[in-house]
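Nothing here was measured: the structure is a model prediction, and the numbers come from that model. Every chain is numbered from 1, with letters handed out A, B, ... down the list of sequences.
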Protein chains: 2
Amino acid sequence: MDEALAFDEVASGVFRGRTHAGYANFIGPYGGVTAAQVLQAAMLHPERLGDPVAFTVNYAAALADGEFEVQARPARTNRSTQHWMIELLQDGQTMVTATLLTAARRETWSSHEVRMPQVPPPQDVSHPAVRPRSVEWIHRYDMRFIEGVIPGRWEGQLHPDSLTRLWVRDEPARSLDFASLTSMCDIFFPRIWLRRATQTPLGTVTMTVYFHADADLLRATGDDWLFGQVRGQGFRNGFFDHSGHVWSRSGELLATTHQLMYFKE
Amino acid sequence: MDEALAFDEVASGVFRGRTHAGYANFIGPYGGVTAAQVLQAAMLHPERLGDPVAFTVNYAAALADGEFEVQARPARTNRSTQHWMIELLQDGQTMVTATLLTAARRETWSSHEVRMPQVPPPQDVSHPAVRPRSVEWIHRYDMRFIEGVIPGRWEGQLHPDSLTRLWVRDEPARSLDFASLTSMCDIFFPRIWLRRATQTPLGTVTMTVYFHADADLLRATGDDWLFGQVRGQGFRNGFFDHSGHVWSRSGELLATTHQLMYFKE
């Protein structure tokens, strides 16, 4: 992850990065690492104010392996919040668009409404018997599924729901930051594969992450396990979405996340 | 709503609109109508391809009453999808940023995972005994609350959850389109008011809408009642989010929506 997040500032607010072979997916890189790279470019911007609070990334085209440029622009800077517009380009073509809100956070009344379910601790959960098709990026995460692994047999069995619960951490272990948390928000396999047990071609078109954790809470979380839960919502005419939550091992809500995927048929 | 959605194209891809007194909120306009206006500018753009599928709008500053310009730019046009970056400006200052995905949708396997709950029909639900503080925009909607009205007494009672279920439609009645559906996705009162029964100052900073309905389904829905359900998620250090769903009266999922609000203390 540290290698993937290395950038050169080639002009004011323009950062050159590159795809990383360790995060290769079927075609191009794992979307989570691309999201992390787009976020990181804004984090590196000298005018950046505060921590990420809300981030939306839109995948406009499949990245080619190699170099890219990220242009991050603070469209609006207020006293304690800042709104960013970001584009990732290859050969002058927009491949990713994004918006980011950063803010200087203050301590206030806090009381989460969604709660982490009671689950066995990660050391008591074995790796899934069935691993997803071998792509490189899944080896960058240690995943321990409690329920909702992708199907072992692709024989078109239909399921009414697609709940997944898993423990996850970076492999190798690495202290959590906003970029790596963003990447982990994309860890959930496509819900439609769980619903249909059919490997229809698909891809994420947009993902939003709301960070309930600030930098202090991420530091306190360190390289410990995170717990993720996700469930599908609407599936209709080429697109479906899911809603997910990511907690620290101790049950602190770190992020909520939603994404929309296209699928072929 | 039709008046609020009237624009003049003042340059290629630049549309001049204005706030509408009928949608006034405490300060500036109701955020839902601003979201609808930002979406509508892209809908009017001569290069627009297909229907909205995913829309994220970020409120960067409070709009002043009066005119504004919306600049909509197709950052990437593919064969069947298009990615937009949009800004709303007043006096040359960015007030709103947004990204939009539009797509030419095709019929595919469809089967929603979230289902509309069993609730009494709208004609059997009376108006709430307690109306929220009188601001103009709430008179643009007929709202029938099944549960989760904002508190009748603001005496700091704490509640563990903030579920709201309501029937809603435009007032006056109006055939549904993507802009008005977007506006209705912002109909839900701030979840923190239900959790705390305290009127802390607050505002929406970002909202995302995933459209599961295409134009045909919106046309079939017409001016009938919609059913909305929403629940809070994380509440911590100045920000909280909610996750919501909007169905047609017959139980078709039209949109899923998420938003993040800031709050003061």
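Both the backbone and the side chain of F263(B) come within contact range of chain A, with heavy atoms under 4.5 Å apart. Using a 4.5 Å cut-off between heavy atoms, Y262(A) does not touch chain B at all. Contact of D161(B) with chain A is made through backbone and side chain together, with heavy-atom distances under 4.5 Å. For R115(A), no part lies under 4.5 angstrom from a heavy atom of chain B. Contacts of A103(A) with chain B are made by side-chain atoms alone, with heavy-atom separations under 4.5 Å and no backbone atom involved. Of the atoms belonging to S162(B), heavy atoms from both backbone and side chain fall under 4.5 Å from chain A. Neither the backbone nor the side chain of L100(A) comes within contact range of chain B; no heavy atoms are under 4.5 Å apart. With a threshold of 4.5 angstrom between heavy atoms, E87(A) approaches chain B through side-chain atoms but not through N, CA, C or O. Using a 4.5 Å cut-off between heavy atoms, L163(A) contacts chain B through its backbone alone, with no side-chain atom that close. Only the side chain of H245(A) comes within contact range of chain B, judged by heavy atoms closer than 4.5 Å.
Every side chain to side chain contact (heavy atoms under 4.5 Å, CB included) that R153(A) has, sequence neighbours left out, goes to E155(A), Q157(A).
Here the CG-CG distance, from L101(A) to L260(B), works out to 7.0 Å after rounding to the nearest 0.5 Å.
In plain terms, the two heavy atoms of R236(A) and A213(B) that are nearest each other are NH1-CA, 4.0 Å. When all heavy atoms of Q233(A) and S243(B) are compared, the closest pair comes out as OE1-OG, 4.4 Å. Pairing each heavy atom of Y210(B) with each of T206(A), the nearest pair is CE2-CG2, 3.7 Å. Smallest separation of non-hydrogen atoms from A75(B) and T97(A): CB-CG2, 4.0 Å. When every heavy atom of L253(A) is checked against every heavy atom of G234(B), the shortest pair comes out as CD2-CA, 3.5 Å.
Proximity to chain A among residues 105-112 of chain B is limited to R105(B), R106(B), E107(B), T108(B), W109(B), S110(B), S111(B), H112(B), judged by heavy-atom separations below 4.5 angstrom.
When each of W84(B), F239(B), F240(B) is scored by its heavy-atom pairs under 4.5 Å with chain A, the top score falls to F239(B). The residue among M95(B), R73(B), H159(B) with the most heavy atom pairs within less than 4.5 Å of chain A is R73(B). Between chain B and the residues M85(A), K264(A), R196(A), Q82(A), the most heavy-atom pairs under 4.5 angstrom are made by R196(A).
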Please step through side chain to side chain contact (heavy atoms under 4.5 Å, CB included) for the pair R231(A) and V114(B), ending with a clear verdict. CA-CA 9 Å; R231(A) 195 190 290 266; V114(B) 294; 5.5 Å; no
Does the pair T208(B) and T56(A) meet the rule for a side chain to side chain contact (heavy atoms under 4.5 Å, CB included), with working shown? CA-CA 9 Å; T208(B) 289; T56(A) 293; 4.1 Å; yes
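There is a side-chain donor-acceptor pair under 3.5 Å between H212(B) and D241(A).
Residues N237(A) and D214(B) are in side-chain contact: their nearest non-hydrogen atoms beyond the backbone lie under 4.5 Å apart. In this structure, E113(A) and P160(B) have side chains that are not in contact, with every pair of non-hydrogen atoms separated by 4.5 Å or more.
Partner of T99(A) under the side chain to side chain contact (heavy atoms under 4.5 Å, CB included) criterion, out of N58(B), I86(B), V57(B): N58(B) alone.
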